[in-house]
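Below is one structure, written out as C-alpha cells, with a few remarks after it.
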Amino acid sequence: MAIIEDQELLQMFLEESREHLDGIESDFLKIEEMGEEIDSDLVNNVFRAIHSVKGGAGFLGLETIKNLAHSMENVLNLIRNGELVPTPEIVSVLLSSLDLLKELVQDYESSNDVDIGDHLAALEKAAAGEASASQEAPSAEAESPDPPSQESPSPEEGPNPSTEPLKAGDEETTLVLPGGKEALVVSTAALRSAVEQGKRLYLCEFDWEGDLDRKGKTPQDLLEVSAKAGEVLSSGVSCADIPGLEDQVGGPKVPFFILLACGEDVSSLKETFGLPEEKIFTVTPEGAVSPCEPAASGPAEEPAKAKVEEPPEKPAKAPESNRIPEVPPKPTPPKDQKSSEKKQASPPPSSQGAKKKSETKKPPSKLKSLSPHNNTLRVHVDLLDKLMNLAGELVLTRNQLLQNFLNEDEVALGNAVQRVDLITSELQEAIMSTRMQPVGIVFNKFQRVVHDLSKSLGKQVKLVTHGEDVELDKTIIEAIGDPLTHLVRNAVDHGIEPTEVREQAGKPLPALVKLSAKHQAGQVVIQVEDDGRGIDPEKVRAKAWEMKLEDKEKLDAMPDNEVIRFIFKPGFSTAQTVTDVSGRGVGMDVVFSNLSKLGGSIDLHSKVGEGTRITIKLPLTLAIIPSLIVKVGSSRYAIPQVGLVELVRIPPAQIKERIGRIDDAALLRLRGEILPLIRVADILETKTMVSLPHGEEIVERRKTLFDRRTPNFHEEERRDPPGEDRRKGERRKDSGKACNIAIVNAGELHFGLVVDELLDSEEIVVKPLGRHLRGINTYAGATILGDGKAALILDVGGIANAANLKAVKDKVRERALDNKISNIQDAQSFLLVKNAEDEHFAVPLGLISRLEKIHKDQIERTSGKQTIMYQGGTLVLCSIEEVANVKPRADVDHPYVLIFPFAGKELGILVSEILDVVECANDIDEESFRQPGILGSTIIDDKTTLLLDLYGIASNLFPEWVEEKTQTQRGGQTETATLLLVEDSKFFLNQVKGFTKDAGYEVKTALDGVQALEILNDPETRIDLVLTDIEMPNMDGIELARRIRGHSRYSRLPIIALTSVASEETKSLAMEAGMDEYLIKLDRDNVLERIAYHLSGRSRQG
Amino acid sequence: MMEESKAIDLVQRGNGQREPEEILELAVFKVGEIICAVEITEIQEINRNLDITPVDNAPEHIRGMMNLRGNIITVVDMRAMFSMKVKEKPDNDTRILVVESEGELIGLFVDKMLDVIQAPKKDIEPPPSNIQGVAGRFFSNIYKMEDALAGVLDLKEILKTNER
C-alpha cells in the first residue's frame, strides 16, 4: 500500500517519470541496433532515466515500480559495462518491461497490486545472459529463480545466511530495526567500504510528520545537513509498518531513514539532527542494526540479533516474486554494483504490502487502459516570464484606459486602446506557444511500433522520421496519435511486402516507412510514406463493386486516384487476410473522420509497386482560427479560413452566363473549371417554429437540395432591372442581387458556397457545441462574435456530405466533356477598365504585364510626355484619348496604370478605374467603332465595351520606337517570308493578319486545320511558318501540328501556337504535338519577335 | 439581472426560516398553462438575456444557442418540449433557466417565472398514474400548491439526447 504524503510531490514524480520513460524508448531501439558497439552515452541516458524513476518510486513507496525499475537498471548496468551484449531478445525484454513500467506509473494507485513477477524473472534471465525467448510471457519456471547464492557464490555473503533465509542476497541488506521494522535496503559493499575507511555507520530515524513537516524542513534539507556530517549511504521512507494511517489519529508515523557513514559519535549526531538517542541506531557492516549507546563501542556489536528477530506480522514466506528484485543475480564484481546502488533512496519492500500483494495480485494486463492525455504541461520559465510581463503590461494599460476614459482624453485613450490591441495579440501568441509541442513526441513512439510490428510480421522495415521539431497544438498532438498509429501500422502491415517478395522484385531491404512533418501555408503537413506495394486501384474497384458502393460503370470511369479514396469508406479493407495488426476492415474511415474532426484533411497517392503516400494537413491549433464571417438570412456563420480557397462575386448580369445547371445541380463556371454550388440557406434550412405533435418527425426535408436552387438564381435574374443602376457605378456595391460565393475545399473537393453576404475576416475562438447539437454534421462548433452573439462555425466537409456533393461531382465530370465540345468558341480574358465615367474598355489580359495604382500627383509632364517614376526608372504614360476619339479620362485621385511591353521597353496606359476581369466569348464587332487605338467593340455585362488596341495607341504616339524595332528585327531578312495563319475567329484573324502584314510578311489565312492542310499540301505555295490557334472547329491546332509534323516535307516548319488560354495543360499538349512556341494572341511585339527568330533560324539551317 | 437578485432574495429568505420538517425549495414557472417546478439547487441562474442564435437542422425542441459569459450553451424551448406552439419572439416575461446537466450548462426557455416556494417534502408526490403523455414523462413529482399543481421537472429525462 503506497503511502503518498504529498500530492504535489507525487504529481511531479509522475510527470517526470512519464517524460523520462517516453524519451528512452527510441534509445532502446538504437541500443539494439548498435548491438555490441555500445554507445555508453546512450546507455547512460537510459540508465539515468530508469534510475530516477526508481529513486522517486522508492521515495514515494511505490514498491512495484521501484522493483521493476531496479531490475531493469541491473540489466542496463551490465550492458553499460560491456558485460552483456544487448541482443534483440534482451532489448525486447527491456522494452516490454518499459511498457509495464509506463503502465504502472500511469496507474500508480494500484501499481503495488500488480504482479510483475514474470517481468522480473525475464529481466533476471536477461541479466544472466539467457534472455527468455518469449518476451511477453516469460515461462513459468522463471518465477522460481535459482537461489542467488548459487549464481554468484560471493565470499562477501552476509554473515549469517543460515539464520536469515530471506536475507536479501549478497549485494544488498535490509536494515531491520530492533523493533522489527524494516528501514532501508543498502548495498553491503557500501557498508563495508565505509567501515573500511574507519567510519561508523548510523541509521537515523526521523518522523516525517514531527521532524520534518512541523519544522518546515524537507527531506532535502535533512540530507544536506547529513552530508555535512558524513556520507549519506542511503535514505528513504519506510511505509512498512503503518497499518492504516487513518486509525492513528494522534501520531501518524511515517519514518524517514538516513543511513550515514561518519566519523562522529552519536552525541554529535543528536545535536546535528535534534534527534533523541533512541532514534539513532548503529549499523554493522553486515547490516545488523542495534540501538546505540552514548559511547558506542564498535559498529559490529550485535550483528545477528536484528536479523534473527523476524517481524512478527511478517508472513512465514514472502512471495518470491516480491523478493526477486532484491536478489538480482550479479556476475559482476561488487565494485560495479556499488556505483549504481550508492545513494539510492530505496526503502525496503513492506511486509504489510507483501501480504496484501499475495492476496490481491493481478496480472499487469488488468490495469485500466492508458489515457494518453496529460493534464499538465511543462512550460519554459522564459515563456512564463514573458507572460507575466505581458500581464503586467495589460494591467498598466488597463489603468491608463480607465484614467483616460475618466479624463475624456481622446488622444491618450486612442493610444491606450492601441496598446491593448498589441498586448492582446502578443499575449495570445505567448499563451498559444505554451500549448505548442513538437510533433516528435508522437513520431518517436513509432520507432517502437514499427520495430515490434515488423518483427512480428517477419518483415524488414526501417522508419525514417523528418521534421520532429515542427510544433503543433497540444490537443492536436494528442489527437493525431491514434490516426497516425493506424496509418503507420497499415503501411507496415499492408503496404510493405514480405521480405521474399521484395527480394524477388529487386526492391531494397529494409523497406522504408517515412514519417515527416513540415509547415506549409499556415498548416502542418504530415506525410506517411512507404515504398511498398501500393494500393491496387483494380482491387479497390472490385471491392467497391462487391460492397455495392458504386455502379460498375461509374467505377470503371472513375480515375484511379479517386478510386483508391474508397479505402476511407467504412468497412473497407483490401487486405487479403485479416491480421491482428490491421485489416479488420475498420480503421481508415475512422482515421478519416478523426482527422476531419480536427479540421484536417487527408490525401492519398499510390502507385502500384512503388508505394503509398498519405498526406495529412492539419491546422496549427484548434483553439483560435482565422475565419470568414458570412451572412445567410439573418444569421451569421463562420467559415474557417483553412477550407477557404477564394471568394467570388458574380454580378447579376453574369449569373445566367456563369451559373449553369446539370439536372438538379447548380454549377459555377470559374476560369474554365466547373464547380458545384451549394446554397448555404438550402443546407441550413431556417427552422420552422411550428408546433408538431410530440414525437412526430419534425422537419420535412427537401428531397434534393437542388430543387429550389436554380429557380432562385433565375428569380434573382428577373428581379434585376437591366442596366439601370449599374450605370451609376453602384453595381459592385449592390450585394442584394449579385451572387456571393465562397469557394471552399473539403479534401480534394472544391465547391462554392452561396451566401447572402460576405462580411469580414475574424479570428474566432472555437467553442464546443452542447450535446444536443453535437450530432449535426454541418457545424464544426460555435463561436462568440465581436458583439457577444453566438454564431455557428460551418463544417465545410459536413456540408459537402449533406449536399451529397459526390453525386454532383460525377455529373460534372460526365458533362464536362460535352461542355468543352460545345464551348469551343474562344473565350478570352479581358481586363475591364473605365476611362471616362460611362465608357468601358476592355484589354486582353494576357498583354498586360502589371497593374499599378498611382496617385495623380505622381504624374510628371516633361516635353509633352507624361511619365512617372517607376521601379527606379521612368515609365512613359499615355492616355487613350490621346489617340482614340473618346471622352477624356475622369480626374480621379488614384488612376491606374496598365503596364505592357512595347518595342522592347515598357509603356503605361492611364485609366481611371479597374472594374473586373471577365471572360468573354462574345463576337467582336470590328466595324462600328473602328478607329485608331480601338480594335472594335463587344458587349460585356450588357454594355458596349471598346476593345483597346494597346499597340495601336503606342505606335501612334511613338512611331520612332516601332521603326527602331523593325529595323533590328528584319535586319538579316532579305526575302519576304510567307506565313500561314490559321484562326477561326475572324476578329483575331484580322488582327494578327494586320500586324504581320504590317511587319512585311506575306500572309495566307485558313479558318481551321483542314483548310490549313489544304494550303500546305498545295505544291504551288511555299509556307515558311505556321501561326495557329488551338481551339478550332473541324481540326484543332494540336491535331494540325501533329499532321504537319507527320509530313516529311514540313518536319522543320516552325509552328507557333497562338492562344487566349494560357493553361499549362494545353501548353504541354501543344508542345508534345510538335509546336515550337506557345504565344498569346495579340501580344504583337512578342509574336513578331518570335516569328523573326524562327524564320532566321530556318534560313540559317536551310 | 433583477430577476436573478430577486431569486437570490427568495432563496435567502427561505434559508432564514426554521425548518421543522424537510423542505425542498422549488423554482416555479409557467410553460404555456402548465406550471412547472425545478429544485432551486439545480438552477445555476435565471437569465433574461434572450439573444439566442437559432441553430438550423437542430432538433425542434432546441431553440438555439447563446453566449453565457464566454460559454456556448444550448437553449431548450420548453414549449416545444411540451408540444405547444412555440413563441416566435420572447416577451418581457420570458426567462432562461440555466441548469447544469451532465457537466454542461443548458438553458430552459420558459414563459414566466412565478415564485420560489418552500415545499414540504410530504406534499411532493410521484405523478399519479393517470397523468399520461407529456406530464407523465417529464415530471418526476407533483407538488400540490394551494391553488394548483406544479409538476417537478425530471431534468434528466428532458435533457436526454439520444432518442430525440
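Side chains included, hydrogens not; waters and symmetry mates left out as well; all remaining heavy atoms used. Sequence lines set the chain letters: A, B, ... in the order given, protein chains first and strands last, and positions in each chain run from 1.
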Select, from I73(B), L159(B), I106(B), I52(B), the one with the greatest count of heavy-atom pairs under 4.5 Å involving chain A.
L159(B)

So how far is it from [X] [atom1] to [Y] [atom2], rounded to the nearest 0.5 Å?
| X | Y | atom1 | atom2 | result |
| --- | --- | --- | --- | --- |
| E104(B) | H772(A) | CD | NE2 | 7.5 Å |
| I72(B) | L769(A) | CD1 | CG | 7.5 Å |
| N57(B) | L792(A) | CG | CG | 10.0 Å |

For D787(A), look at atom CG and say whether over 12 heavy atoms of other residues, nucleotides or ligands are found less than 6.0 Å away.
yes

E42(B) atom CD, neighbour heavy-atom count above 12 within 6.0 Å:
yes

Quick check: closest heavy atoms across [X] and [Y], and the distance to 0.1 Å?
| X | Y | result |
| --- | --- | --- |
| T53(B) | A790(A) | OG1-O, 2.5 Å |
| Y637(A) | D56(B) | OH-OD2, 3.0 Å |
| T74(B) | G770(A) | OG1-CA, 3.3 Å |

Quick check on T783(A) against chain B: is it the side chain, the backbone, both or neither that has a heavy atom closer than 4.5 Å?
backbone

